[in-house]
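Below you'll find the structure, written out as structure tokens, and then a few comments.
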Amino acid sequence: MANFLYLTAFSIAAAYIAARSAFPYAALIGFLIPFSYAIFLVFVYPFYFSPFRHLPEPKGAKFPWAHASEILENRNGPAYRKWMTTVPNGGMMRLRVLFNQERLLLTSPEAMKEVLVQKTYEFHKPSQPTFLFRQLLGNGILVAEGAEHKEQRKALLPAFSFRHIKELYPLFWNKARESTEEIAKASKSSSESGPEPQKAYEWASRTTLDIIGQSGLGYDFNATSNPDGKIVQNYRLIFDNEPPNFRWTFVGIWAPLELMWYLRLPPLSYGKTIADSIRSFLTKRVQEKRGLLEKDAASQIDIMSIAMKSGQFSDAEVVDQMMTFLAAGHETTASALTWAIYQLCNFPKIQDRLREELRSSLPSIKDHNSTITAQQIESLPYLNAVCNEILRFIPSVPTTVRDALVDTTIQGQFIPKGTRIFLSPWAMNTSPTLWGPDAQEFNPDRWMADGTANSGGSKNNFAFLTFLHGPRSCIGKDFAKAEFLCLLAAWIARFRVRWPEGERLDMDLHGWVTVRPGHKLPVLFEEV
Ligand code: HEM
């Protein structure tokens, strides 16, 4: 796209000079060469020379947007899910976006494995979203590449060991209890005719922010009881406002983002102020933590302490890592919890069955002296089945992107340097080839049959792509699953959730890095 824009701009400039010049023929040639090249790139190369010209692609692409119009219409998931099942293919298909720029959508576990595991560092995250992530979400592990990424990951992994996560269950349970109390209070507050609808996403997001604050920094934001704190508001602004380039990356629109960011041009004007505010908050936390570590390093077990104790990061780098963890570690799980509430409103029988299991096995969530262990939560088959099915059916991160860093191959197909590749958990997780004919139905029982508790009955690891796989998979996967199990258990044990006035809301997708239901999902939480 950038090439095309430069060439067109150059051609226009040359045409202008031709019109005014004493040497019009020279200027005319200066116009014709780049213009012809631009025409070649758009109308000739993709159909007659591209190594992808023989790959299948979805029908009905109309110039200039081609398949981009469907990608733009929805949030980066539904179109790929549809194409996965309607376009016969042998593991990958070609998509064309603005001005026939080519993209590849991978559809087979073997192709995914090659990109995510065997050739991880031959594929990088694209520079445009990476620039914005770096500014808004921190210059941390999420945007590091190559050897630097490997080192960062090694230093941070101890914070996510199974032994460490097990110790966090009581913390998750306490915050879950606090959130149920606040939801109960808010539901009662203004209405005599019954509970007031509550925005499930708001509650989920505030609770998960508190949890990552405590386990990530050893700091309680108190967002669950107070939505007006500065950090809560900052994250609200980040996640409620999609930066312009995010979906542009998928559809091939190019913009001078660095310039827009530094000049604070709309719609990026809010970003720098917010990022500076989060950064300055975290700088203070790092200074405090230095003091605590000097006094008693062994008692500090949060992610920030583990990063500092590794000796791998300067204080400024710890700030960046923690910006990443605060963002990546709360919005994703909040979206999963919100989708769980959405589906349990749609399927009240599943909700009742889940509540029965919870109430017969766990201590009352109202009991302030109670706590739970990892083993208690993990031994509940239906809770685990419902959570796994939510993560499969509506993965919080619908699709991600990679660019080939070098000339390479995927499943024998030549991939020139610079090729942009889409990896879509939304599509893979509901592929009938991988999950069977009921792949696109919500059915927790697929995780309940003999021997399917960990696989849902799919035959291949790469059929479940919610956290990706390989060296760049989600480092917080076990943390997220544990947190999700505890929060859903507490909410459903205490409340029946249902649509206000019995009205089912459409699956209206919002969000940018993650997707969540529209309007933050207002539902009734009735105490049972
Ligand atoms: C349901 C919840 C979650 C989902 C669905 C999820 C999903 C993902 C996905 C798909 C990626 C890969 C993105 C890419 O490479 O394009 C990722 C990366 C990452 N996630 Fe998660 N995540 C969740 C929760 C968490 C939590 C709770 C944390 C931290 C406590 C976390 C921290 C990270 C980090 C740091 C990365 C970058 C890892 C790397 O590049 O090495 N995530 N996550």
Side-chain angles (χ1 to χ4, degrees), residues 76-77 112 115-117 120-121 123-126 129-130 133-134 137-146 148-157 159-161 164-165 168 171-172 204-205 207-217 246 249-250 302-304 306-307 320-340 387-388 390-403 421-426 428-429 464-488 511 513-516:
N76 253 333
M112 289 289 175
V115 171
L116 292 174
V117 181
T120 316
Y121 294 115
F123 296 93
H124 276 195
K125 299 183 178 177
T130 296
F133 281 163
R134 190 168 280 133
L137 312 184
N139 189 11
I141 183 172
L142 189 69
V143 293
E145 296 287 359
E148 198 186 328
H149 172 264
K150 242 188 230 172
E151 275 172 27
Q152 294 188 11
R153 185 134 177 147
K154 200 166 146 210
L156 292 165
L157 265 175
F160 297 95
S161 69
H164 185 217
I165 305 251
L168 294 173
L171 183 161
F172 297 158
S205 175
T207 313
T208 54
L209 180 60
D210 276 351
I211 287 178
I212 192 65
Q214 285 188 320
S215 48
L217 313 174
F246 193 71
T249 307
F250 288 80
D302 47 73
I303 302 172
M304 184 156 84
I306 288 172
D320 273 300
Q321 295 295 351
M322 293 321 300
M323 267 181 97
T324 301
F325 280 103
L326 284 189
H330 95 273
E331 174 68 7
T332 41
T333 318
S335 299
L337 181 58
T338 313
W339 282 120
C387 287
N388 280 333
I390 293 290
L391 292 169
R392 178 194 78 89
F393 193 65
I394 322 181
S396 309
V397 178
T399 300
T400 186
V401 202
R402 298 287 189 267
D403 284 351
I421 291 166
F422 295 165
L423 312 164
S424 178
W426 258 65
M428 289 293 281
N429 286 10
F464 186 87
L465 215 62
T466 303
F467 299 99
L468 299 190
H469 289 282
R472 296 227 65 148
S473 62
C474 176
I475 199 172
K477 174 182 152 200
D478 294 334
F479 179 110
K481 283 175 97 174
E483 180 186 17
F484 183 27
L485 287 166
C486 291
L487 291 175
L488 190 65
V513 186
T514 65
V515 283
R516 55 175 194 263

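We count ligands from 1, going down the list as the structure has it; atoms in each ligand are counted the same way.
Remark: ligand 1 and R472 share an N or O pair separated by less than 3.5 Å (distance only, no angle test). For ligand 1, one of its N or O atoms has an N or O atom of K125 under 3.5 Å away. Between R153 and ligand 1, a contact under 3.5 Å exists for at least one N or O pair.
The protein heavy-atom contact nearest to atom 19 (C) of ligand 1 is C474 CA, 3.8 Å. Annotation: atom 32 (C) of ligand 1 to nearest protein heavy atom, A328 CB, 3.7 Å. In terms of protein heavy atoms, atom 37 (C) of ligand 1 is closest to L142 CD1, 3.4 Å. In this structure, the protein non-hydrogen atom closest to atom 15 (O) of ligand 1 is R402 NH2, 2.7 Å. Among protein heavy atoms, atom 13 (C) of ligand 1 sits closest to L468 CD1, 4.2 Å. Remark: minimum distance from atom 10 (C) of ligand 1 to any protein heavy atom is reached at T466 O, 3.4 Å. For atom 34 (C) of ligand 1, the closest heavy atom belonging to the protein is I475 CG2, 3.8 Å. With hydrogens left out, the protein atom closest to atom 4 (C) of ligand 1 is F467 CE2, 3.5 Å, a heavy atom.
Distances from atom 26 (C) of ligand 1 to the heavy atoms of G329, G216, S215 put G329 nearest.
When heavy-atom distances to ligand 1 are checked against a 4.0 Å cut-off, H149 comes that close only through its side chain, counted from C-beta outward.
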